[in-house]
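Quick notes on the structure that follows.
Just so it is clear, the values below take in all heavy atoms, side chains as well, and ignore hydrogens, waters and symmetry mates.
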2 protein chains.
Amino acid sequence: MTLNRRLAATATNLLPEHKPPGSRGQILEAALKLFAERGYAGASIREIAAAAGVKPATIYAHYPSKEHLLAELCRIGHEEQYRSVHAALLNCGANSCDQIVAYVQAHVGMHTTFPMLAVVANAELHALSAELGTTTFALRQQSEQMLVDIIQRGVNNDVFDVQHVWLAVAVIGGMGLRVAYWYSPEYELSAKQVADTYAEYALRILAASPLNHGPTR
Amino acid sequence: MTLNRRLAATATNLLPEHKPPGSRGQILEAALKLFAERGYAGASIREIAAAAGVKPATIYAHYPSKEHLLAELCRIGHEEQYRSVHAALLNCGANSCDQIVAYVQAHVGMHTTFPMLAVVANAELHALSAELGTTTFALRQQSEQMLVDIIQRGVNNDVFDVQHVWLAVAVIGGMGLRVAYWYSPEYELSAKQVADTYAEYALRILAASPLNHGPTR
DNA sequence: GTCTATATGAAGATAGAC
DNA sequence: GTCTATCTTCATATAGAC
């Protein structure tokens with residue numbers, strides 16, 4: 001038996017807009033839960049069918065292969081991520097600190113709201129072929145580029161103070177990603193508290209301050 | 001075909017002390033590479049045998065099951081991690097900032113030196129049963145507790161300024177973990193540069209500073 | 001310890017009735 | 001669209017010779 005849960009969340013939290021009607025939606029949701037908990041290779045078509053309340057053959061009336069299920073989930077996850085950070089940036093001005101706060105809050109918020117989508121879309125991406133992953137890979141690249149651009153602009157304007165922009169991107173993007181594994185609605189802090197705290201941490205990492213100009217740099 | 005590598009590293013970097021002599025070591029190393037690249041469930045005994053240069057049945061002369069291979073790799077990974085952060089702390093004094101720098105440098109260093117061990121020991125932990133994972137789970141807990149203690153002590157002494165110790169632990173521990181996925185010896189920065197930069201980021205997150213006491217808090 | 005050969009079950013996927 | 005039944009391949013693991 002495995003006592004170690006891969007992620008703390010137990011609900012898929014799929015929105016109506018993510019979920020096709022009827023059995024197709026049940027199948028997609030069951031695949032999401034099982035891929036998140038056991039990984040793509042660790043979840044079988046038979047298990048997905050049982051969780052969705054259909055027989056294995058029924059899955060193939062809706063999706064041509066197991067990999068197509070993964071592709072759909074990865075696409076939804078990365079679309080949700082791109083959509084949320086993109087919308088957040090549209091709602092804030094030209095101030096680099098505001099932009100980082102908006103990005104990180106949206107990014108973390110996506111990972112607390114849709115932890116299973118986030119885990120599958122990131123941790124199972126390696127199982128996705130180039131053919132089926134085109135949209136997903138493009139979205140992923142665009143979301144990351146937004147963060148790169150915010151930080152690079154802040155550095156250019158001396159609002160931020162980091163020597164290696166990509167390392168800051170890796171840290172700030174990665175810290176949001178990790179949230180999907182441990183966050184659950186039962187956690188002692190609210191999703192908003194987590195998002196706000198992470199935004200504060202991101203600012204601390206990036207912000208030029210007197211103490212960040214000591215002799216060790 | 002999958003163009004997306006799960007991690008950038010291509011070498012196992014297993015040390016002689018990690019690797020049993022003879023076929024047993026070849027098998028363990030092959031399992032490490034395949035588990036890291038494809039996940040535990042995605043790698044088969046047949047593939048591991050082929051990569052190790054033996055026949056599938058030979059594996060069972062050395063390990064009673066596939067899960068025992070995983071258990072051994074997880075144990076080695078978490079032992080290496082515990083050993084490295086523990087040693088780093090023994091080599092530094094009572095200053096909280098020094099302790100964080102030592103911990104993060106060692107933690108990141110472990111993840112750049114043994115990325116495959118780190119990926120398997122963390123990302124595949126959910127596939128490990130409670131029975132075979134006892135040692136691993138204990139080591140994991142101890143490594144994390146060290147970081148908790150360092151940060152809590154720094155907060156108690158007003159050297160650090162964070163409201164939620166566990167969030168800081170999650171961020172600082174998680175940022176080291178992520179390094180295992182993207183770091184490779186071909187990366188433009190050296191492992192030492194990455195470790196030093198991450199230690200600096202950790203200090204920025206934690207350090208009490210004038211700018212960290214603004215009205216937003 | 002390593003092999004050949006194989007037992008046994010589960011995997012992804014399909015055929016064809018309804 | 002969904003089912004029963006099944007094809008084919010692959011999985012983990014074992015038996016037993018050398």
Practice task
Looking only at side-chain atoms of A/Val54, point me to the closest of D/dC3, C/dT4, C/dA11.
Solution key: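 Selected nucleotide (nearest to the side chain): D/dC3.
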Practice task
Would you mind telling me which of C/dA11, C/dT2, C/dT4 lies closest to the side-chain atoms of B/Ser23?
Solution key: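 Of the options given, the side chain of B/Ser23 lies nearest C/dT2.
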Problem - Phosphate OP1/OP2 of D/dC3 contacted by A/Thr58 side-chain N/O (<4.0 Å) - result: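 It does, given that an N or O in the side chain of A/Thr58 lies less than 4.0 Å from OP1 or OP2 of D/dC3.
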Exercise for the section: Sequence neighbours left out, what passes salt bridge (charged side-chain N to carboxylate O under 4.0 Å, His left out) with A/Glu47? Give chain and number order. Expected result: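 Salt bridge (charged side-chain N to carboxylate O under 4.0 Å, His left out) list for A/Glu47, sorted by chain: A/Arg38.
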Exercise for the section: Say whether A/Glu186 and A/Ser184, considering side chains only, have a donor N or O and an acceptor N or O under 3.5 Å apart. Expected result: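 Result is yes, a qualifying pair exists.
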Just the atom pairs and distances: protein N or O near nucleotides 13-15 of chain C's N or O, under 3.5 Å.
{"unit_1": "C/dA13", "atom_1": "OP2", "unit_2": "A/Tyr60", "atom_2": "OH", "d": "3.1"}
{"unit_1": "C/dA13", "atom_1": "OP2", "unit_2": "A/Lys66", "atom_2": "N", "d": "3.0"}

Given atom [atom1] of [X] and atom [atom2] of [N], what is their separation to the nearest angstrom?
{"X": "B/His62", "N": "D/dT14", "atom1": "NE2", "atom2": "P", "result": "15 Å"}
{"X": "A/Leu34", "N": "C/dA10", "atom1": "CG", "atom2": "P", "result": "17 Å"}
{"X": "B/Ile59", "N": "C/dC3", "atom1": "CD1", "atom2": "C1'", "result": "13 Å"}
{"X": "B/Ile48", "N": "D/dC10", "atom1": "CD1", "atom2": "P", "result": "17 Å"}
{"X": "B/Arg38", "N": "D/dC10", "atom1": "CZ", "atom2": "P", "result": "13 Å"}
{"X": "B/Tyr63", "N": "C/dG1", "atom1": "OH", "atom2": "P", "result": "11 Å"}

Could you tell me how the ring of [X] sits relative to the ring of [Y]: parallel (under 30°), tilted (30 to 60°) or perpendicular (over 60°)?
{"X": "A/Tyr183", "Y": "A/Tyr187", "result": "perpendicular"}
{"X": "B/Trp182", "Y": "A/Trp166", "result": "perpendicular"}
{"X": "A/His18", "Y": "A/Phe114", "result": "perpendicular"}

Practice task
Have a look at B/Ala43 and say if it touches a base, only the backbone sugar-phosphate, or nothing, with a 4.0 Å heavy-atom cut-off.
Solution key: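 Sugar-phosphate contact only - B/Ala43 comes under 4.0 Å of backbone atoms but never of a base.
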Problem - Trace of the salt bridge (Lys or Arg N to Asp or Glu O under 4.0 Å) decision for B/Arg153 with B/Asp149 - result: CA-CA 6 Å; B/Arg153 181 167 165 277; B/Asp149 292 343; over 6 Å; no
